Amino acid sequence: MPEISAPLIAWYRRNARDLPWRRAGFGAWGVLVSEFMLQQTPVTRVIPHLEAWLARWPSPTSLAADAPAEAVRQWANLGYPRRALWLHRAAVEIRDRHGGIVPRDVDALLSLSGVGDYTARAVAVFAYGDRHPVVDTNTRRVLARAVEGRSQPGPPARRDLGAMSDRLPGDPVEAAIVNAATMELGATVCVARVPRCDTCPIAHVCAWRAAGYPDTGDDRRRQARYEGSDRQARGAVLRVLRDASADGIRSVELIADWADAAQRDRAITSLADDGLIELIDDRARLPQ
DNA sequence: CAACCGTGGCT
DNA sequence: TAGCCAAGGTT
């Protein structure tokens, strides 16, 4: 496969979106918060929440000083609210184990709650400028097409990290740009549904294009239906408690009119198991 | 490894 | 409209 770094870097310099976390001096805490919010949530939805979050909690220690309930409430309707809980836990861990400074070491980052392979390396690379492969769903789609000649990536695998690492320049600054540019290309040009190959800076070396854009199938798992799901019930419970006072409300009044009573009970107990709500006597509330 | 975990916009 | 998709992580 020919060199793709040079055209990617040139393209990125001209076409990168102006995103808050790309501003100079945005800070490792801001990058970490942004990466939590960006897990499975579109950029356009994240930006206003990110700015409100950082205005309220400009440091890990400021967040750690508040109750988890405040994090869950501030998270609002961003989705996957356990990310709010994990981000709060990570802030406590950063305060207690790292002197309030977001760690730079990948293994230290990986040990934080809610931080996995992607987020750990994204912080190390984009906040600190170190040289690591950063592999997200965009990266995997770009590599699947440009390198493997497939229409869609397979399920995430550990070897994706090595595959990306192999094509990073040796210079950490350039490597960081290639990481960001590959993600950006996947997010804006080499998109999942209708790719814009006519404007792609690496079309001339794309294996998928060379093969005539074959439909190689899609072995990704389909998302479970949301309507009528336990997740929907959990979301409804949590929405009520976010809007309630700190005392919460009586458990029997939680989405009392939910059609499936067994599902309602499952939602409440599983949320309590997850630590997203507390059940005290006959009441339910966010975790204090 | 597969299942599970929210929410909203887009086609 | 119903399904797809989104800067993933944990169990």
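Sequence lines set the chain letters: A, B, ... in the order given, protein chains first and strands last, and positions in each chain run from 1. Bear in mind the structure is a predicted one, so any value in this text is a computation, not a measurement. Both backbone and side-chain heavy atoms feed into the values below; hydrogens, waters and symmetry mates do not.
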For G116(A) and for R225(A), find the nucleotide of DNA chain C with the closest heavy atom, then tell me which residue's nucleotide is more 5'. R225(A)
Tell me if the side-chain of R45(A) makes a donor-acceptor pair with the base of dG8(B), cut-off 3.5 Å, by modelled atom types. no
Using the C1' atom as the reference point in each nucleotide, state the distance between dC5(B) and dC5(C) in Å, no decimals. 16 Å
Salt bridge (Lys or Arg N to Asp or Glu O under 4.0 Å) between D117(A) and R158(A), worked out: CA-CA 9 Å; D117(A) 284 331; R158(A) 287 307 304 246; 3.5 Å; yes
Are any non-hydrogen side-chain atoms of L254(A) and L241(A) less than 4.5 angstrom apart? yes
Does one side chain, of T119(A) or Q39(A), offer a donor that lies under 3.5 Å from an acceptor on the other? yes
How about R121(A) and V106(A): do any of their side-chain heavy atoms sit closer than 4.5 Å? yes
Return the residues of residues 24-40 of chain A meeting this criterion: a heavy atom under 4.0 Å from some atom of DNA chain C. Order them by number, or give none. E35(A), L38(A), Q39(A), Q40(A)
Is it the case that the base of dT10(C) and the side chain of R82(A) share a donor-acceptor contact (distance under 3.5 Å, atom types as modelled)? no
Compare all side-chain heavy atoms of E174(A) with those of S5(A) and state whether any distance is below 4.5 angstrom. no
Just checking, is any N or O donor in the side chain of D136(A) or T139(A) under 3.5 Å from an acceptor N or O on the other one? yes
Checking only heavy atoms, does the side chain of Q223(A) share a donor-acceptor pair with the base of dA3(B) at less than 3.5 Å? no
By nearest-heavy-atom nucleotide on DNA chain B, the more 5' of G79(A) and P156(A) is P156(A)
Would the base of dC4(C) count as contacting R193(A) through its side chain, where contact means a donor and an acceptor less than 3.5 Å apart? yes
Run the ring-centre check on W208(A) versus Y213(A) and record whether the distance is less than 6.0 Å. yes
Selection: residues 127-137 of chain A, any non-hydrogen atom under 4.0 Å of DNA chain C: D136(A), T137(A)
How long is the straight-line distance from CG of L168(A) back to NE2 of H132(A), given to the nearest 0.5 Å? 10.5 Å
Could you tell me whether the side chain of E184(A) reaches within less than 4.5 Å of the side chain of R17(A), counting heavy atoms only? yes
DNA chain B: 5'-proximal contact among R221(A) and R231(A) (nearest heavy atom): R221(A)
